[in-house]
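The structure appears right after this line, and notes come after that.
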Number of protein chains: 2
Amino acid sequence: MSEQQTESLRERKKRRTRQSIIDVAHALFHDNGYDTTTVEAIAAGADVSVRTFFRYFANKEEVALAPLDEMGELTLTALRRRPADEPPLTALRAAVIDAWTIMSPDGESLRHYTDHLLPIGNASALAGAVQNRIVALGDRFALEFVEGDDPDGPQPRRTDLDASLAAFAFLAAVQVAVRAWCASDSTDPADLAATALICLDSLVIERNPAHRA
Amino acid sequence: MSEQQTESLRERKKRRTRQSIIDVAHALFHDNGYDTTTVEAIAAGADVSVRTFFRYFANKEEVALAPLDEMGELTLTALRRRPADEPPLTALRAAVIDAWTIMSPDGESLRHYTDHLLPIGNASALAGAVQNRIVALGDRFALEFVEGDDPDGPQPRRTDLDASLAAFAFLAAVQVAVRAWCASDSTDPADLAATALICLDSLVIERNPAHRA
DNA sequence: GAACATATGGCACGAACTGCCACATGGCAA
DNA sequence: TTGCCATGTGGCAGTTCGTGCCATATGTTC
């Protein structure tokens, strides 16, 4: 199940094309900025037609945010490996640390990731798209908690509201850290991680205090 | 200073044109949805050229989100009226309640506001723009706390990180509430307010625990 | 190699914006 | 009132993103 049945020629070709588009695009974004880089240029660089570009990516944003999506997926799978009875915020905190550790056994791939963060952060046209990803990710995090919760466990079933709240408060904390890091003069990924942990550690969510609705 | 010197004919005309564009646009959004409503149609309805539309609003999103901006401003001014020594989350909670109360002495204008929320919430193309506004608002909230903080007060000066964290955690909670309300079958603004308070009350931010950076 | 499925390219088109220039309108002073 | 100046407005051409349609090329299967 973990071993892949040597993907077909077609699939290999598609994978290579896709990666080529991503690489070319990010190189151009880095050099010329996101806004001034046209899809036409990306397509030309990746040696595909513009029409084909849009078959691989629904829009220009998507190719720019591909690395972000990867990190999101990584965090999500890390979250799924946490014990089911762990409180949401604790699990999320641990998951993001796991994801970063997995990504940077050498510390290099995390830097490769953060390298994409600055160009993205500077492209105001991308900001909205980034936020959309974050919201979508938050929903998936939240879903993990309500689904994973044992219906006949010792605790009363966690409400959707609690789950969402934990997920989005968590993401807000990470965002604050990323933005602070981007604003600072540091380019060291370790500083980013440290800032993120500080933010996460000052977050607390009370479990539905006796509150009349 | 509070009384306006009877704005000039020019200014009155601009104001009317602007409001006309907003009204026409939202009527069309309500009827046909955001995506399928073209700027051309809005401009035609408001009896201005397309070129002029773009002189009033930088893009289609901006006219759609004008009511949201208004609410943001309202909350911000309410926040400025809070005592300076109030903890950020407490002040924000009170400010948003104030803003809602101001907006709905009769309960009608708040409904008028929430009426805009659904069309916006359903327009996926707007989601990113909404998030952008929220981030911008969060920054202004945060700024309020660091600036308003007395440098030689009894407490060690609040860091920017703390201020941002409070602002964005607050906005995350409100967002969760709004989304939950949109997803529910309720159209009663009171339900929205109640949900928002529940979310806000389970949020706690610890003040920078002894944490080695 | 034939038959089929799918990936690709090219073209026309719609919609969001923008720059530019000509014209109209409001404000102001002689 | 007249005329000058600032500013608001319209129209048009052009760029870019994104989509539907159809013909063609390439991989897959028998």
Side-chain angles (χ1 to χ4, degrees), chain A residues 4-22 24-26 28-29 31-66 120 123-130 132, chain B residues 4-22 24-26 28-29 31-66 120 123-130 132:
Chain A
Q4 190 65 355
Q5 163 114 349
T6 62
E7 47 183 5
S8 72
L9 201 169
R10 231 178 206 165
E11 281 164 337
R12 262 177 294 154
K13 231 178 169 179
K14 284 190 72 171
R15 187 191 277 296
R16 270 195 298 117
T17 303
R18 181 186 155 83
Q19 196 56 50
S20 165
I21 293 176
I22 294 179
V24 170
H26 279 269
L28 290 175
F29 291 157
D31 292 347
N32 314 330
Y34 174 80
D35 307 309
T36 50
T37 303
T38 67
V39 172
E40 198 181 347
I42 300 172
D47 208 48
V48 294
S49 73
V50 172
R51 193 67 191 81
T52 295
F53 171 93
F54 282 111
R55 285 202 181 91
Y56 279 88
F57 298 93
N59 45 49
K60 209 171 83 171
E61 296 163 353
E62 207 162 299
V63 58
L65 270 42
I120 287 176
S124 61
L126 273 180
V130 170
N132 274 345
Chain B
Q4 189 65 355
Q5 164 115 343
T6 63
E7 47 184 4
S8 72
L9 200 168
R10 238 180 199 161
E11 281 165 336
R12 262 177 295 154
K13 231 177 166 179
K14 284 190 71 173
R15 188 190 277 297
R16 272 194 297 117
T17 303
R18 180 186 156 85
Q19 195 56 50
S20 166
I21 293 176
I22 294 179
V24 170
H26 279 269
L28 290 175
F29 292 157
D31 292 347
N32 315 329
Y34 174 79
D35 307 310
T36 50
T37 303
T38 67
V39 171
E40 197 181 348
I42 300 172
D47 207 48
V48 294
S49 73
V50 173
R51 194 65 190 82
T52 295
F53 170 93
F54 282 112
R55 286 202 181 91
Y56 280 88
F57 298 93
N59 45 48
K60 209 170 82 171
E61 295 163 354
E62 206 162 298
V63 59
L65 270 40
I120 287 176
S124 60
L126 273 181
V130 171
N132 274 344

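Proteins come first, then strands; the chains are lettered A, B, ... in the order of their sequence lines, and each starts at number 1. Computed from heavy atoms alone, side chains included, the values below leave out hydrogens, waters and symmetry copies.
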Check your understanding: Rounding to a whole Å, what distance do you find between A:Arg16:CZ and D:dG27:P?
Key -> 10 Å
Practice item. Using atom CD of B:Glu61 as one end and atom P of C:dC17 as the other, report the distance to the nearest whole Å. Key: 7 Å
Check your understanding: For the side chain of B:Phe54, counting heavy atoms from C-beta on, which of C:dG26, C:dC20, C:dC17 is nearest?
Key -> C:dC17
**Study point:** Out of D:dG10, D:dG27, D:dG18, whichever nucleotide has its closest atom nearest the side chain of B:Thr52
**Key:** D:dG10
Practice item. Check whether any side-chain nitrogen or oxygen of B:Lys13 sits under 4.0 Å from OP1 or OP2 of C:dG26, and answer yes or no. Key: yes
Practice item. Please state whether the rings of A:His26 and A:Phe29 are parallel, tilted or perpendicular, taking 30° and 60° as the class boundaries. Key: perpendicular
Exercise for review: Answer with base, sugar-phosphate or nothing: what part of the nucleic acid does B:Thr37 contact at a heavy-atom distance below 4.0 Å?
Suggested key: sugar-phosphate
Review point. Side chain of A:Arg12, base of D:dG27: donor and acceptor closer than 3.5 Å?
Key: no
Revision key, fill the gap. In short, A:Ile21 meets A:Phe57 closest at the heavy-atom pair CG2-CE1, 3.6 Å
**Study point:** Nearest-angstrom distance from the residue atom CD of B:Glu11 to P of D:dT7
**Key:** 12 Å
Review point. Counting only side-chain N and O atoms of A:Lys14, is one of them less than 4.0 Å from OP1 or OP2 of C:dA7?
Key: yes
**Study point:** Closest listed nucleotide, where the reference is the side chain of B:Val48 and the choices are D:dG10, D:dC17, D:dT26
**Key:** D:dG10
Check your understanding: Closest approach of A:Ala25 and A:Val63, non-hydrogen atoms and distance?
Key -> CB-CG2, 3.7 Å
Check your understanding: Taking OP1 and OP2 of C:dA7, is either one under 4.0 Å from a side-chain nitrogen or oxygen of A:Tyr56?
Key -> no
Study note, to complete from the structure: Rounded to the nearest 0.5 angstrom, the CG-CG distance for A:Asn132 and A:Leu126 is 11.5 Å
Point to revise | Donor/acceptor link under 3.5 angstrom from B:Arg51 side chain onto base of C:dG19 | key: yes
**Study point:** A:Asn59 atom CG: more than 12 heavy-atom contacts under 6.0 Å
**Key:** yes
Point to revise | Length of the CZ-C1' vector between B:Arg55 and C:dC20, whole Å | key: 10 Å
Review point. Between D:dT19, C:dG10, D:dG11, which nucleotide has the shortest distance from any of its atoms to the side chain of A:Ser49?
Key: C:dG10
Study note, to complete from the structure: One would report the end-axis bend of the helix from C:dG1-D:dC30 to C:dA30-D:dT1, five pairs per end and rounded to 10 degrees, as 10°
Check your understanding: OH/A:Tyr56 to CZ/A:Arg51 distance, rounded to the nearest 0.5 angstrom?
Key -> 13.0 Å
Exercise for review: Measure from the side chain of A:Thr38, starting at C-beta and using heavy atoms only, and say which of D:dC17, C:dG9, C:dT25 lies closest.
Suggested key: D:dC17
Review point. How close or far is atom P of D:dT7 from atom CZ of B:Arg18, stated in whole angstroms?
Key: 20 Å
**Study point:** Residue from A:Lys14, A:Lys13, A:Arg15, A:Arg12 passing salt bridge (charged side-chain N to carboxylate O under 4.0 Å, His left out) with A:Glu7
**Key:** A:Arg15
Check your understanding: To the nearest Å, how far apart are B:Asp35 CG and C:dA15 P?
Key -> 12 Å
Check your understanding: Could you state the OH-C1' distance from A:Tyr34 to D:dT16, rounded to the nearest angstrom?
Key -> 11 Å
**Study point:** Among D:dT9, C:dA7, C:dA16, the one nearest A:Arg10 by side-chain distance
**Key:** C:dA7
**Study point:** Side-chain (A:Tyr34) to main-chain (A:Glu61) donor-acceptor, under 3.5 angstrom
**Key:** yes
Point to revise | A:Phe57 CZ - C:dT8 C1' separation (whole Å) | key: 16 Å
Review point. Quick one: is D:dT28 close enough that its OP1 or OP2 comes under 4.0 Å of any side-chain N or O from A:Ser8?
Key: yes
